[in-house]
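Working notes, structure below.
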Amino acid sequence: MTEFFQFLFSGLTVGAIYALIALGFSLIYNASHLINFAQGEFVMIGGMATVFFAAAGIELPLAAVLAVLLAVVVAVAIERLGIAPAKGTSAVGLIIITIGAAILIRGLAGIVWDRNFHSLPPISGEEPLVIMGATLLPQSLWIFGVTAVIALLLWFFFAKTLWGKAMMATAYNPLAAQLVGIDTRKVVLVSFALAGALGALAGVLITPLAPTHFQVGVMLGLKGFAAAIVGGLGSGLGAIVGGLVIGIAEAMAAGYLSSAYKDAVAFVIILLFLVLWPSGLFGLRGIERV
Amino acid sequence: AEPIRIGSFLAVTGPAAFLGDPEKKTLELYVEKINAEGGVLGHPLELVLYDTGTSAKNAVTFVKRLLEQDRVDAIIGGTTTGETMAVIKLVEKAERPFISLAGASVIIDPVKKWVFKTPHTDRMAVEKVYADMKKEGVTEIGLIGGSGGFDKSCLKNAEELAGSYGLTIKATEQYGKGDTDMTPQLTKIRNAGVQAVLFCGFGAASTIVTKNYAQLGLEGRLYHNHGSCSKRFIEGAGAAAEGVRLPCAALVVADQLPEDDPQRAVGLAYIEAYEAAYGEEVSTFGGHAYDALFLLVGAIERAGGADPAAVRDALERTRNFIGVDGIFNMSPEDHLGLGPEAFKMLEVRGGNWKYLY
Amino acid sequence: MRRLLGSHHGGLVLLVLAILLMPLGFPNSFYFDVAINVGIAAIVCIGLNLLIGYAGQISLGHAGFFGIGAYASAILTSTHGWPPLLALLAGILLSGGIAFAVARPILALKGHYLAMATLGLGIIISIVLSQEVALTGGPDGMPVDPLTLFGFEISGTWSWYWLVGGTLVLVTWLALNLVDSPIGRALRAVHSSEIAARVCGVDTTAYKVLVFVVSAVIASLAGSLFAHFSGWLTPDEADFLRSIQFVTMVVLGGMASTFGAIVGAALLTALPQFLTVFQNYEHVMLGLVMVLTMIFMPRGLVPTLALRFFGDRS
Amino acid sequence: MLLEIAGLASHYGRIRALDAIDLTVGDSELVTIVGANGAGKTTLLRTISGVQPASHGVIRFRGEDITRTTPARRVRLGISQVPQGRQMFAPMSVEDNLLLGAFTRPRHEIEPELEKLYGLFPRLKERRRQPAGTLSGGEQQMLAIARALMAKPDLLLMDEPSMGLAPRIVERIFDTIRELRATGVTILLVEQNAFAGLSVADRGYVLESGRIVLEGRAAELLADERVKAAYLGL
Amino acid sequence: MSLLLVERLTRSFGGVRAVQDLSFAIPEGGIHSIIGPNGAGKTTLFNMISGVLRPTRGTIRFRGENIAGLPPERLAARGISRTFQNLQIFFNMSVLENVLLGGHLGLDRNVWRALFRLPRLRAAERRARAEAEALLERVGLAEWSDAPADSLPYGALKRLEIARALAARPELLLLDEPAAGCNEKETREIETLLKSLVADGMTIVLVEHDMRLVMNVSDHIIVLDHGRMLAEGRAEEVRENPAVIEAYLGQAAVAGGHAP
Ligand SMILES: Nc1ncnc2c1ncn2[C@@H]1O[C@H](COP(=O)(O)OP(=O)(O)OP(=O)(O)O)[C@@H](O)[C@H]1O
Ligand SMILES: Nc1ncnc2c1ncn2[C@@H]1O[C@H](COP(=O)(O)OP(=O)(O)OP(=O)(O)O)[C@@H](O)[C@H]1O
Ligand SMILES: [Mg+2]
Ligand SMILES: [Mg+2]
């Protein structure tokens with residue numbers, strides 16, 4: 001039983017990280033139906049920039065804030081310089097732009113910062129909590145908490161505020177959105193800025209658990225994307241559940257099946273989920289009619 | 001005078017960037033230094049260096065480019081075993097001396113006429129660890145490593161060698177690319193009942209495994225292989241790293257070596273130069289590149305020029321070359337020339353390396 | 001000129017001429033090597049373009065099929081001593097079989113969900129390839145025997161150049177024919193409106209499966225060629241980053257344009273060689289080229305240029 | 001003059017869809033544009049709303065040059081459109097679609113307006129929670145009209161508002177148009193049903209191949225032989 | 001025997017019953033109109049007949065066989081063709097190619113012949129092109145033939161859908177508001193076209209809100225309301241039915257032709 005809880009805690013921690021990244025994907029998706037493959041780079045910027053600002057003598061909390069701001073600036077730059085000017089580019093073309101941006105950011109990070117890995121101290125110490133005989137780090141609790149709060153805020157924003165609805169409307173039908181007076185350019189820009197901040201926050205939170213380096217965004221971005229898809233694109237709750245499903249699948253596969261094939265098992269599970277829920281667990285489906 | 005052209009292909013980016021980056025920096029630093037001091041035999045060195053992105057396919061293309069287009073006199077590179085193995089046929093056919101920076105022993109065993117290497121083999125690292133385990137009275141162990149070539153080669157050697165040191169492997173676990181938590185794997189190892197664990201990997205995973213090990217409160221010592229010989233590891237893992245043992249090149253503890261140890265001076269000089277130039281800590285991987293470059297320079301000097309065949313022969317006759325990885329004595333049967341004594345056993349104590357033996 | 005590019009036989013003639021004449025400008029065999037890699041990637045991209053560009057079904061997992069072909073050739077020839085041609089066919093059967101088996105459930109998905117599913121499929125394949133050390137040599141890779149065809153060993157860049165060039169021309173010709181047939185039209189219809197296509201009598205599922213299998217088979221063929229050509233094979237070739245590279249080639253070159261696929265493959269294979277002059281900044285430049293191309297040539301290189309110079313919309 | 005357009009041209013790529021359009025709409029006036037398929041009616045309305053760029057000429061609204069302002073700003077200035085093809089926010093509920101129609105309005109004005117429009121289209125009230133994309137074609141058309149009205153525009157652009165609606169509802173739409181006009185809303189109407197369109201209008205324009213070929217009082221146009229032959233099917 | 005026999009057909013979406021317990025018969029030949037208020041269930045009915053939607057309950061017999069629930073491609077093969085109220089044009093193709101696709105089932109679809117571009121396929125393609133051109137001529141789109149479909153104005157797209165549906169040589173043609181977005185003159189052209197198709201022996205079911213067109217061409221009218229049959233009969237009968245006037249036509253329509 002202890003064993004099970006240990007696997008579960010691992011899955012929850014990792015899953016919450018994936019969820020936090022997935023929320024960034026969903027945010028941009030909600031405003032523009034775009035998949036931003038540079039989302040993982042925001043996570044990288046969050047961690048790396050905090051490390052380097054701190055190394056430059058800035059207090060850690062301030063360094064983290066600056067890192068988040070830097071990610072926002074980068075996100076805004078991607079939107080302004082990459083996405084906004086690309087009129088008439090297909091959906092896949094826009095994805096290629098975000099992939100290009102990711103390569104560019106990664107390249108710059110490797111030059112401006114370095115190609116080493118770096119860690120940050122945890123927020124509340126490293127003394128593990130023991131629950132049901134299994135251990136859990138306080139940092140995990142921080143990650144759960146922040147993820148839950150952000151998911152709640154996003155849910156409130158999209159479900160309850162007109163601004164949130166305007167953001168989704170922009171994605172559903174940009175032409176109609178303009179015709180009802182929504183400044184679609186601003187909406188998409190804001191979604192990028194928020195996603196940048198979210199990604200960077202994730203980076204700040206996970207670096208104490210898993211060191212960051214200039215290429216850390218590749219795999220984290222991939223897992224975050226998978227979480228967003230399994231949960232259903234655009235759904236905050238979906239991002240969380242999707243993240244946890246994948247995190248727990250990985251942990252249980254490593255624990256009970258085969259650690260060598262745990263990633264493969266996780267992806268098999270993702271495929272099964274997609275077959276059963278073709279638009280993700282909480283994704284919109286069936287609104288198309290003729 | 002005509003420059004002597006040294007070609008290089010390294011994994012400056014991609015999964016092995018952590019290894020390739022210091023290799024690149026080292027080569028660039030010392031080529032510049034050598035040229036500033038008048039070059040080799042009066043010829044300046046010209047370094048042609050390509051980033052493979054840790055891809056064997058790119059390695060092949062770049063080596064062809066080095067051979068055909070850049071017409072280099074010798075090649076240093078191949079950060080990973082895959083990149084190295086993929087190009088061996090090419091350099092053998094082109095008959096150009098080639099010094100690999102990758103770990104696996106297959107590179108030089110069996111011996112290939114034009115191929116040399118500088119890093120200790122991962123087999124040697126495992127042997128060093130196993131010897132220590134045996135000395136500590138350990139008989140049952142667990143293994144954990146990543147899915148990359150470096151990790152898997154270490155795991156494979158560990159499995160093959162265990163018997164000869166009287167060790168039983170109770171559990172072998174793996175983690176995936178970019179994983180952020182390895183507690184499930186370590187839980188399984190713990191449940192298997194082991195007295196010590198060997199970690200086969202490098203980079204961020206070193207830190208994560210060590211922290212998770214402490215979090216779960218595993219008993220018995222955690223050993224790392226030489227992939228963790230970096231101060232970053234201690235910094236990242238913090239208190240969790242205390243008591244970890246691992247085999248490293250002398251370079252890592254150059255300042256703790258006895259005054260009369262010939263490697264001390266070489267190591268300290270390299271550390272000073274590298275850290276002054278880049279403001280970051282040296283790594284043993286950069287050290288492989290250092291040794292490769294100076295082995296090559298020495299051979300060129302002895303050969304009296306860059307003629308490939310002569311340089312190759314001279315390389316093969318390298319005696320008592322004091323590098324940061326150890327003391328090299330090459331022969332037609334041994335294109336590495338390092339003995340197991342090249343590894344030093346270290347332990348993390350008080351947030352620093354402690355040189356044991 | 002316009003007619004030449006517009007009607008597909010004209011384009012094919014240009015391709016043949018390019019392949020025939022290019023070696024005149026090659027100072028050494030390194031150029032052949034790049035050209036061969038371009039050719040191999042182009043073969044994959046032509047198949048992938050049928051799927052992505054024409055049928056509008058994204059796949060982020062085609063490197064998996066490339067890898068299956070490559071490893072089938074490597075393992076069956078080097079370890080089991082099969083004749084290369086037979087190994088190549090076995091690879092094709094295996095890739096095609098896997099593609100066929102998974103096609104129905106996977107292709108029922110749409111858009112980003114399909115992207116995720118294919119990505120997962122590719123990742124699973126690449127994990128198997130790197131975990132089955134006994135079979136594949138693991139992440140460090142395995143050697144591959146040279147290609148022998150009808151008793152002749154293909155060795156040296158010259159022979160490889162002609163072999164890959166010839167295969168490329170053949171695949172291009174077949175793809176152009178397919179696209180320009182009722183089947184090709186049906187694929188494009190699937191892209192645009194599945195429901196209307198079905199009402200017109202198109203069995204959309206069957207066509208999606210068909211094109212998925214065809215593209216997987218083509219990728220497998222290219223993988224086999226690559227394995228023999230390179231002589232050493234690592235699982236990186238089946239990695240998801242490689243899959244994304246293939247898709248990028250197709251999109252940069254121009255979706256729904258067979259010649260676009262070739263140009264995209266050429267660009268992304270050769271570009272890194274040019275970008276080495278930027279030293280540290282080569283990745284930055286690569287990213288920049290991708291972004292700028294998609295901004296200024298939103299439909300991809302070939303269709304945008306064709307439109308600009310010939311006012312041709314196709 | 002509320003809306004003044006001079007020398008307006010617009011292109012799709014190299015295709016010129018509008019050419020040298022001069023057109024005015026006075027305060028509280030109802031102006032109808034008729035023209036065959038492809039004449040450029042939709043393009044004209046899109047250009048006025050700003051979702052289609054003008055390549056030449058000026059558009060002035062209350063004397064202010066708005067040729068280059070964003071579509072969103074034009075809505076805030078009081079220009080709202082019932083677009084051709086309905087343009088729903090398909091997955092969102094009917095009510096959310098309507099609320100978004102009032103995106104530029106102050107909060108407290110939204111609720112009464114919503115009730116008023118539900119009164120006009122009871123069908124929409126019945127379906128207020130249903131995703132707009134699942135409505136029938138005609139229901140969507142009602143929603144498109146209601147959504148545009150939620151903005152309480154000063155200038156209402158209507159692109160074939162009667163399309164796909166049952167005859168009884170068409171009647172109601174034209175009644176509404178008349179009422180709106182009576183309350184001072186200015187309307188620029190594009191209508192395929194030229195007879196109905198011109199019957200409610202003060203003035204009219206006839207568009208052919210992107211140019212204005214005829215303009216005048218609505219009654220005059222209705223009597224014009226060319227108009228009769230080409231658009232009234234008489 | 002009726003060409004199409006619908007029996008107790010029902011389709012619901014969650015709580016909404018779009019079509020309820022509907023039964024009617026369509027004999028072979030002639031133009032049969034289905035009219036009714038917005039949301040009455042006309043398009044839903046078409047969707048079920050053409051296989052786009054599965055009925056919740058009930059049967060649809062085409063030439064005596066129950067076709068309810070068969071996929072659209074199978075129904076297309078049996079001779080049922082349709083147009084869409086919400087345009088479903090292949091915008092990534094030229095106008096001509098759209099029509100060619102309509103005739104997909106009549107073309108050579110063999111993969112091998114396609115891959116190797118054998119002469120038989122080329123000949124079939126040439127014939128199909130000629131036929132498609134003729135169809136475009138017939139709906140008045142001849143001069144647009146090579147234009148990309150996405151550059152056509154709305155009204156022309158409506159006619160393109162008709163041409164595409166005709167290319168399948170259907171026995172039963174379902175038209176969902178073909179005249180929407182067309183002016184009087186264009187509507188007249190559609191009227192002429194429909195009549196000529198019927199003269200060729202086709203059976204047409206028409207959904208349309210343009211009462212002039214409906215009254216002019218229909219041999220038989222079915223009026224739906226809330227998914228049920230409200231009335232059925234010849235044009236004159238339906239036009240004067242008070243229930244139909246109340247639910248659908250309104251007063252002005254009775255007074256004279258069209259609103260207002
Ligand atoms: N996206 C487009 N690309 C290219 N040409 C277009 C596009 N949209 C419209 N056009 C062309 O512009 C011209 C005007 O079209 P528009 O839609 O404004 O006509 P319309 O008068 O509204 O017709 P309808 O009565 O059918 O709605 C037409 O010739 C059409 O072919
Ligand atoms: N997918 C769906 N989900 C929920 N309700 C639906 C769905 N499809 C149709 N409906 C409802 O079913 C009813 C019938 O719709 P249908 O499109 O058949 O009407 P119609 O008679 O064609 O109307 P119109 O004349 O406006 O085109 C409508 O009220 C519509 O809101
Ligand atoms: Mg229009
Ligand atoms: Mg309808």
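Order of the sequence lines sets the chain letters (A, B, ...), proteins ahead of strands, with each chain counted from 1.
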Under the side-chain contact (heavy atoms from CB on, under 4.5 Å) rule, what do A:Met219 and C:Phe240 come out as? Steps first, then yes or no, please. CA-CA 11 Å; A:Met219 287 314 282; C:Phe240 81 92; 4.0 Å; yes
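Between chain C and the options A:Leu108, A:Val275, A:Leu233, heavy-atom pairs under 4.5 Å are most frequent for A:Leu233. Among A:Gly232, A:Ala260, A:Gly110, A:Gly107, the residue making the largest number of heavy-atom pairs under 4.5 Å with chain C is A:Ala260. Between chain C and the options A:Ile97, A:Ile35, A:Ile229, the largest number of non-hydrogen pairs under 4.5 Å is found for A:Ile229. Each of A:Val265, A:Val218, A:Leu222 has some count of heavy-atom pairs under 4.5 Å with chain C, and the biggest count is that of A:Leu222. For the set C:Ile195, C:Leu286, C:Val289, C:Val128, the entry with the most heavy-atom pairs within less than 4.5 Å of chain A is C:Val128. Contacts with chain C were tallied for A:Pro85, A:Gly100, A:Ala228; A:Gly100 has the most, counting heavy-atom pairs under 4.5 Å.
The two residues C:Pro298 and A:Gly88 make their nearest non-hydrogen contact at CB-O, 3.5 Å. Across all non-hydrogen atoms, the minimal contact from A:Ile103 to C:Gly287 is CG2-N, 4.0 Å.
Residue C:Val102: no heavy atom, backbone or side chain, is found under 4.5 Å from chain A. With a threshold of 4.5 angstrom between heavy atoms, A:Ile111 approaches chain C through side-chain atoms but not through N, CA, C or O. Neither the backbone nor the side chain of C:Met285 comes within less than 4.5 Å of any heavy atom in chain A. For C:Val291, the parts lying near chain A are the backbone and the side chain together; criterion is any non-hydrogen pair under 4.5 Å. Residue contact with chain A, scored on non-hydrogen atoms closer than 4.5 Å, involves the backbone and the side chain of C:Leu288 alike. In this structure, chain A has no heavy atom under 4.5 Å from any part of C:Leu114. With a 4.5 angstrom heavy-atom cutoff, C:Ala108 does not touch chain A via any of its atoms. Neither the backbone nor the side chain of A:Ile105 comes within less than 4.5 Å of any heavy atom of chain C. For C:Leu241, the part lying under 4.5 angstrom from a heavy atom of chain A is the side chain only. Heavy-atom distances place the side chain of A:Leu271, and not its backbone, under 4.5 Å from chain C.
C:Met255 is listed as a side-chain neighbour of A:Val92, based on a closest heavy-atom distance under 4.5 Å. Counting only heavy atoms from C-beta outward, the side chains of A:Ile99 and C:Met290 approach each other to under 4.5 Å. At a threshold of 4.5 Å between non-hydrogen side-chain atoms, the residues C:Ile58 and A:Ile95 do not count as touching.
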Kindly provide each donor-acceptor pair between chain C and chain A shorter than 3.5 Å, listing atom names and distance.
unit_1: C:Tyr113; atom_1: OH; unit_2: A:Leu233; atom_2: N; d: 2.8
unit_1: C:Tyr113; atom_1: OH; unit_2: A:Ser279; atom_2: O; d: 3.2
unit_1: C:Gln131; atom_1: NE2; unit_2: A:Ala260; atom_2: O; d: 3.2
unit_1: C:Glu132; atom_1: OE2; unit_2: A:Tyr261; atom_2: OH; d: 2.5
unit_1: C:Met294; atom_1: O; unit_2: A:Thr89; atom_2: OG1; d: 3.1

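Using a 4.5 Å heavy-atom cut-off against chain C, no residue of residues 70-78 of chain A qualifies as contacting.
With A:Phe267 as reference, C:Ile124 is the one residue of C:Leu121, C:Ile125, C:Leu119, C:Ile124 to meet the side-chain contact (heavy atoms from CB on, under 4.5 Å) rule.
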